[in-house]
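Worksheet: the structure to be examined is printed underneath.
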Amino acid sequence: MQQTTDPTPTAAEPGWCDWHAGPSGTAVLIEAIEQSSGPGITRFACALCREQRGLVPYSEQR
């Protein structure tokens, strides 16, 4: 079986919105939870979910 892979992306992959649990091209980081061991948790939200729920981007929280 022969596989062909094209390393050139055809379009930017969308981000993910954790609030509506779907793909989004406008998702930004809302929450970053650091843990002492293991990977931390990050949550992203799209523009519509941020507006509807009053979510503030992580970069503007500090």
Side-chain angles (χ1 to χ4, degrees):
M1 182 191 240
Q2 185 181 24
Q3 280 185 302
T4 59
T5 57
D6 182 7
T8 308
T10 56
E13 291 183 16
W16 185 263
C17 176
D18 291 301
W19 270 259
H20 77 262
S24 170
T26 62
V28 297
L29 181 64
I30 298 297
E31 187 174 42
I33 302 170
E34 297 180 18
Q35 296 182 359
S36 59
S37 65
I41 298 169
T42 55
R43 296 185 71 199
F44 294 82
C46 68
L48 183 59
C49 287
R50 290 192 313 269
E51 182 180 333
Q52 290 176 344
R53 294 166 175 85
L55 301 171
V56 178
Y58 188 77
S59 63
E60 295 176 16
Q61 292 178 16
R62 298 202 155 87

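Quick note: residue numbers are just sequence positions, from 1. If you're wondering where the values come from, they're calculated on a predicted model, not measured in any experiment.
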Residue E51 excluded, over 12 heavy atoms near CD under 6.0 Å: no
Assess whether atom CD of Q35 is packed by more than 12 heavy atoms of other residues, nucleotides or ligands within 6.0 Å. yes
Quick check against the 3.5 Å criterion: does S24 have a side-chain atom that pairs as donor or acceptor with the backbone of C46? no
Give a yes or no on whether the backbone of A45 and the side-chain of R50 come within a donor-acceptor separation of less than 3.5 Å. yes
At their closest point, which heavy atom of [X] faces which heavy atom of [Y], and how far apart are they?
X	Y	result
T42	D18	O-OD2, 3.8 Å
A47	T26	N-OG1, 3.0 Å
E31	L29	O-CD1, 3.4 Å

Between CG on residue L55 and CG on residue L48, distance to nearest 0.5 Å: 11.0 Å
Quickly, which of Y58, W19, F44 forms a side-chain contact (heavy atoms from CB on, under 4.5 Å) with I30? Name it, please. W19
